[in-house]
Undergrad: 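What follows is a structure written as structure tokens; I'll ask about it next.
Quick note on labels: first sequence line is chain A, next is B, and so on, each numbered from 1. Keep in mind that the numbers below use all heavy atoms, side chains included, and drop hydrogens, waters and symmetry copies. Everything quoted here is computed from the prediction, not taken from an experiment.
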There are 2 protein chains.
Amino acid sequence: MAGEHRSGCPINLSLEVFGDKWSLLILRDMIFGGRRHFRELLNGSQEGIASNILANRLKTLVELGMLTRRPDPAHKQKAIYSLTEPSIALVPVLAALGAWGRRWLPVTEELSVRARLLEEGGPDLWARFMAELREEHLGVPTTPPPDGRTVRDRLQAAYLATKSTSA
Amino acid sequence: MAGEHRSGCPINLSLEVFGDKWSLLILRDMIFGGRRHFRELLNGSQEGIASNILANRLKTLVELGMLTRRPDPAHKQKAIYSLTEPSIALVPVLAALGAWGRRWLPVTEELSVRARLLEEGGPDLWARFMAELREEHLGVPTTPPPDGRTVRDRLQAAYLATKSTSA
DNA sequence: TCAAACCGCTTGCATTTCGCAACTGGAGAG
DNA sequence: CTCTCCAGTTGCGAAATGCAAGCGGTTTGA
């Protein structure tokens with residue numbers, strides 16, 4: 001499975017992990033949307049991923065160590081997907097990518113407000129967000145949110161507020 | 001050509017631009033390797049891109065506004081590709097991606113030393129590098145390098161030094 | 001108790017993209 | 001005049017993509 005690499009360049013190796021149109025969107029939905037189950041990822045996808053492609057990407061992301069998969073103890077047929085440290089560490093990459101896309105591409109207001117907040121928050125906000133993800137996905141305890149709301153809640157609230165005013 | 005977008009999310013739109021295994025490598029070779037011609041990109045590619053794929057990607061990158069193409073006045077059959085402001089603005093994204101890949105993937109020492117310097121240099125170094133790229137590709141004058149060497153020269157020198165010691 | 005909805009996928013199949021190798025017409029150099 | 005270089009192009013088999021339908025099992029709600 002660990003096939004040959006085209007080169008040992010960090011950018012190339014990164015592209016070998018998520019150099020396709022879907023993998024990074026799945027990670028985005030898990031990171032920012034808090035999705036953990038197959039159906040949540042399938043039905044919640046803004047872009048409409050097909051189930052076979054989702055299944056295939058989840059499998060390879062698990063094989064690559066970007067995700068882990070375990071059965072849901074409360075629901076025998078559900079599987080829970082969790083982020084790993086490498087995928088949590090993508091937060092700054094997603095922030096940079098979101099900032100670039102927001103500046104140069106025809107984004108919609110409501111779907112880019114999260115990117116704006118993440119950009120404005122800077123490395124401190126990213127670190128806080130990553131700590132919350134570690135708690136949620138890896139069980140690593142963190143301090144409670146400074147203002148009582150998690151970073152994801154704040155991003156989500158901003159998204160919903162923008163959506164309602166632009167509707 | 002400006003077909004439909006799957007969504008207005010900045011991450012998704014970014015992936016629609018370079019969500020494949022080659023486009024970002026071409027931009028990387030132009031940004032860090034200083035390549036401007038088809039043959040330079042074809043023969044200099046660490047990863048061995050095929051000529052039809054290179055031609056196809058250059059065409060779509062031009063159509064998307066990430067590159068411009070013009071004939072070489074000194075050599076009638078040569079074409080010169082130039083970065084545009086959006087592609088120059090990818091420097092922070094490439095820095096973040098390189099830093100991530102360097103930390104989590106099996107990179108080689110010589111091919112990741114550039115990523116390390118870029119990470120250590122931080123936003124100031126990125127801004128300096130982007131100014132040099134604007135001068136080189138867009139004709140926007142900038143101040144001479146503070147220490148007499150361009151950022152790309154410094155990155156390249158570090159790469160060559162690492163390569164010779166690990167050979 | 002039993003049907004309906006939901007669970008994570010899998011399968012079949014048509015379309016698109018990828019990628020190798022060979023090749024093209026034209027220009028530059030000696 | 002010929003050899004090399006130039007930016008691609010063409011043909012074609014292999015692989016990936018994507019749509020729609022289906023699968024065996026589980027949970028839910030009446």
Undergrad: When you match A:H75 and A:S51 each to their closest nucleotide on DNA chain C, which lands nearer the 5' end?
TA: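 Its nearest nucleotide being more 5', the pick is A:H75.
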
Undergrad: Hey, is the side chain of A:R39 poking within less than 4.0 Å of OP1 or OP2 on C:dC6, counting only N and O atoms?
TA: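 Answer is no, no contact under 4.0 Å.
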
Undergrad: Atom CG of B:N43 and atom P of D:dC5: how far apart are they, to the nearest Å?
TA: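 About 10 Å, once rounded to whole Å.
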
Undergrad: Whole-Å distance between D:dT17 P and A:I49 CD1?
TA: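 Spelled out: CD1 on A:I49 to P on D:dT17 is 10 Å.
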
Undergrad: So, is B:R69 near the phosphate of D:dG8, with a side-chain N or O under 4.0 Å from OP1 or OP2?
TA: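 Affirmative; the distance criterion is met.
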
Undergrad: Rounded to whole angstroms, how far apart are CD on B:Q77 and P on C:dA27?
TA: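 Going from CD in B:Q77 over to P in C:dA27 covers 8 Å.
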
Undergrad: Reading DNA chain D from 5' onward, which residue's closest nucleotide shows up sooner: A:A74 or A:D20?
TA: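 Its nucleotide being nearer the 5' end, the pick is A:D20.
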
Undergrad: Consider side-chain contact (heavy atoms from CB on, under 4.5 Å). Of B:M130, B:R128, B:R134, which one does B:T142 pass it with?
TA: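 Looking at B:M130, B:R128, B:R134, the match for B:T142 under the side-chain contact (heavy atoms from CB on, under 4.5 Å) is B:R128.
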
Undergrad: Rounded to whole Å, please give me the gap between CG in A:N56 and P in C:dT11.
TA: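 The distance from CG of A:N56 to P of C:dT11 comes to 13 Å, rounded to the nearest Å.
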
Undergrad: Could you state the atom-to-atom distance from CZ of B:R36 to C1' of D:dA7 in whole Å?
TA: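 Going from CZ in B:R36 over to C1' in D:dA7 covers 16 Å.
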
Undergrad: Tell me whether B:R28 forms a cation-pi arrangement with B:W22, defined as NZ or CZ under 6.0 Å from the six-membered ring centre and within 45 degrees of its axis.
TA: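 No; the conditions do not both hold, so B:R28 does not lie above the ring face of B:W22.
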
Undergrad: Counting side-chain heavy atoms from CB outward, which of D:dG18, C:dC20, D:dA7 is closest to B:N52?
TA: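 Looking only at heavy atoms from C-beta outward on B:N52, the closest nucleotide is C:dC20.
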
Undergrad: Should A:R57 be listed as having a side-chain N or O under 4.0 Å from OP1 or OP2 of D:dG18?
TA: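 No, A:R57 has no side-chain N/O under 4.0 Å of OP1/OP2 on D:dG18.
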
Undergrad: Is any side-chain heavy atom of A:P71 less than 4.5 Å from a side-chain heavy atom of A:K76?
TA: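 Contact flag for A:P71/A:K76 side chains = no.
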
Undergrad: Is the NZ or CZ atom of B:R114 positioned over B:Y159's six-membered ring, under 6.0 angstrom from the centre and within 45° of the axis?
TA: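 Yes, B:R114 sits over the ring of B:Y159.
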
Undergrad: What is the distance from CD1 of B:I26 to C1' of C:dG19, rounded to the nearest Å?
TA: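 Taking CD1 of B:I26 and C1' of C:dG19, I get 14 Å after rounding.
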
Undergrad: Nearest of D:dA7, C:dG28, C:dC9 to any side-chain atom of B:K76?
TA: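 So the side chain of B:K76 is nearest to C:dG28.
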
Undergrad: How many whole angstroms separate atom CG of B:L42 from atom P of C:dG19?
TA: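 Taking CG of B:L42 and P of C:dG19, I get 14 Å after rounding.
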
Undergrad: With the side chain of B:H37 defined as its heavy atoms from C-beta on, choose the nearest nucleotide among D:dG8, D:dA7, C:dG8.
TA: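 Nucleotide nearest to B:H37's side chain: D:dA7.
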
Undergrad: How far does CG of A:L138 sit from OG1 of A:T84, to the nearest 0.5 angstrom?
TA: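 Here the interatomic distance stands at 7.5 Å.
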
Undergrad: What is the distance from CZ of B:F38 to P of C:dG25, rounded to the nearest Å?
TA: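 For the pair B:F38 CZ and C:dG25 P, the rounded distance is 17 Å.
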
Undergrad: Check whether any side-chain N or O of A:W22 sits under 4.0 Å from OP1 or OP2 of D:dG18, and answer yes or no.
TA: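 Yes, within the criterion.
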
